[in-house]
Amino acid sequence: MSSIFKRVSDIINANLNDLIDRLEDPERVIKQIIREMEDNIRQAKEGVVNAIASEKQLFHELEKHRNSSQEWLSKAETALQADKEDLARSALARKKEIDLIITSLEPAWASAKATSDRLKAQLLQLENKLEETKRKRTTLLARQRATEARQQMDSTMNTFHAGLDAQARFDRMEDKVEEMEARAEAMDELHNDMSALENEFLQLETDNDVETELNALKMKMQKNAG
């Protein structure tokens with residue numbers, strides 16, 4: 001998408017004055033500019049839609065695991081009511097696995113949500129600048145002399161500076177995503193390299209968490225029964 005923002009910048013910048021100087025029909029030039037901006041914004045909108053779709057997909061995945069965690073908690077309660085403590089313990093262990101997935105998904109979704117919101121705002125800025133250009137078209141076409149046309153286009157360029165900053169913000173967002181991907185790869189590599197001893201300690205911690213949650217659940221159910 002950064003190339004799309006760059007093309008919008010190219011349309012507005014250096015070649016514009018040369019086109020107006022060289023052609024006898026300024027209206028033709030301005031129509032071409034607006035047409036190219038509309039095409040580029042259309043492509044940018046597709047990228048924003050994809051970003052929003054990715055964020056929605058992450059959110060649905062997160063909600064699915066949250067619901068699953070609650071379901072396993074309910075199953076553990078049901079097992080305890082039936083005096084099947086081992087079954088309750090297994091249900092809580094499964095809940096613990098799902099909770100770890102939730103913990104990894106939540107920051108990923110939050111970052112995707114912030115990114116999609118930022119891209120939507122940037123797209124809106126570009127669309128507003130396009131509409132502003134269209135509104136100024138009548139004024140631009142009224143300019144008969146090339147120097148007057150250049151002055152008007154310089155003014156138009158100034159109004160676009162805020163929109164052009166979108167490219168820099170997008171690049172920073174892209175760097176952040178790459179950093180997240182690299183961190184995820186590093187975590188995967190670290191996980192794959194864990195020794196048998198580390199896995200035993202991790203299992204021990206998980207078992208302790210399960211026992212703690214099981215005891216808490218027992219106390220809750222005893223309190224409710226009382």
Side-chain angles (χ1 to χ4, degrees), residues 1-8 38-79 88-131 162-194 199 202-203 205-206 209-210 212-214 216-217 220:
M1 284 181 61
S2 60
S3 61
I4 296 173
F5 290 111
K6 183 177 185 302
R7 285 200 295 272
V8 174
E38 289 173 341
D39 290 341
N40 287 322
I41 288 175
R42 190 179 304 111
Q43 295 179 48
K45 186 176 294 185
E46 292 177 2
V48 174
V49 168
N50 290 336
I52 295 173
S54 297
E55 177 265 315
K56 297 293 184 185
Q57 187 176 14
L58 268 177
F59 178 77
H60 293 321
E61 186 73 10
L62 179 59
E63 286 296 289
K64 182 182 72 174
H65 284 89
R66 284 171 174 169
N67 293 334
S68 180
S69 176
Q70 290 300 314
E71 289 173 4
W72 281 108
L73 178 61
S74 177
K75 289 178 180 179
E77 292 176 347
T78 301
R89 185 178 288 106
S90 298
L92 290 176
R94 178 57 178 157
K95 176 182 178 297
K96 179 66 176 179
E97 295 175 2
I98 296 173
D99 289 342
L100 290 175
I101 297 175
I102 293 173
T103 300
S104 66
L105 282 177
E106 284 176 338
W109 170 75
S111 177
K113 182 66 167 60
T115 296
S116 63
D117 290 343
R118 185 163 55 249
L119 288 176
K120 285 189 291 186
Q122 292 173 359
L123 179 61
L124 180 60
Q125 289 178 0
L126 289 179
E127 290 174 336
N128 288 339
K129 294 304 179 181
L130 174 60
E131 292 304 314
L164 295 178
D165 288 340
Q167 179 180 348
R169 291 195 297 270
F170 182 87
D171 289 341
R172 289 196 296 272
M173 180 277 297
E174 188 174 26
D175 291 340
K176 181 63 176 177
V177 171
E178 290 177 354
E179 179 184 348
M180 291 175 57
E181 291 174 345
R183 288 179 61 86
E185 292 176 0
M187 290 178 64
D188 290 341
E189 182 178 343
L190 181 62
H191 177 73
N192 292 334
D193 290 342
M194 287 178 65
N199 283 327
L202 179 60
Q203 183 61 47
E205 292 176 1
T206 300
D209 289 343
V210 169
T212 299
E213 190 165 354
L214 177 64
L217 187 58
K220 174 185 175 183

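Just so you know, these numbers come straight off a predicted model, no measurement behind them.
- With hydrogens and angles ignored, the 3.5 Å screen pairs a side-chain donor or acceptor of S54 with a backbone N or O of N50.
- Looking at K45 and R42, their side chains never come closer than 4.5 Å, going by heavy atoms from C-beta outward.
- Applying side chain to side chain contact (heavy atoms under 4.5 Å, CB included) to L105 and the options I102, I101, T103 leaves one that passes, I101.
- With rounding to the nearest 0.5 angstrom, the CG atom of D99 is 10.0 Å from the CG atom of L92.
- Of all non-hydrogen atoms in L58 and A108, the two that sit nearest each other are CD1-O, 3.7 Å.
- Put simply, the side chain of T78 gets close to the backbone of S74: a donor and an acceptor are under 3.5 Å apart.
- Of all the heavy atoms in A93 and V210, the pair that sits closest is CA-CG2, 3.6 Å.
- When all heavy atoms of A88 and A79 are compared, the pair lying nearest together is N-CB, 3.6 Å.
- Residues K95 and K75 have side chains not in contact (no heavy-atom distance under 4.5 Å, counting atoms from C-beta outward).
- The two residues A44 and L123 make their nearest non-hydrogen contact at CB-CD1, 4.2 Å.
- Scanning both residues, L214 and R89, for their nearest heavy atoms gives CD2-NH2, 3.4 Å.
- Side-chain N or O atoms of S69 include none that pairs as donor or acceptor with a backbone N or O of H65 at under 3.5 Å.
- Of the possible polar contacts, one joining the T115 side chain to the S111 backbone as a donor-acceptor pair under 3.5 Å is found.
- Contact between I41 and E127 at its shortest, heavy atoms only, is CG2-CG, 3.9 Å.
- Taking CG of L100 as the reference point, atom NZ of K96 lies at 5.5 Å (rounded to 0.5 Å).
- Residues L217 and E213 are not in side-chain contact: their nearest non-hydrogen atoms beyond the backbone lie 4.5 Å or more apart.
- Taking CG of L124 as the reference point, atom NZ of K129 lies at 11.0 Å (rounded to 0.5 Å).
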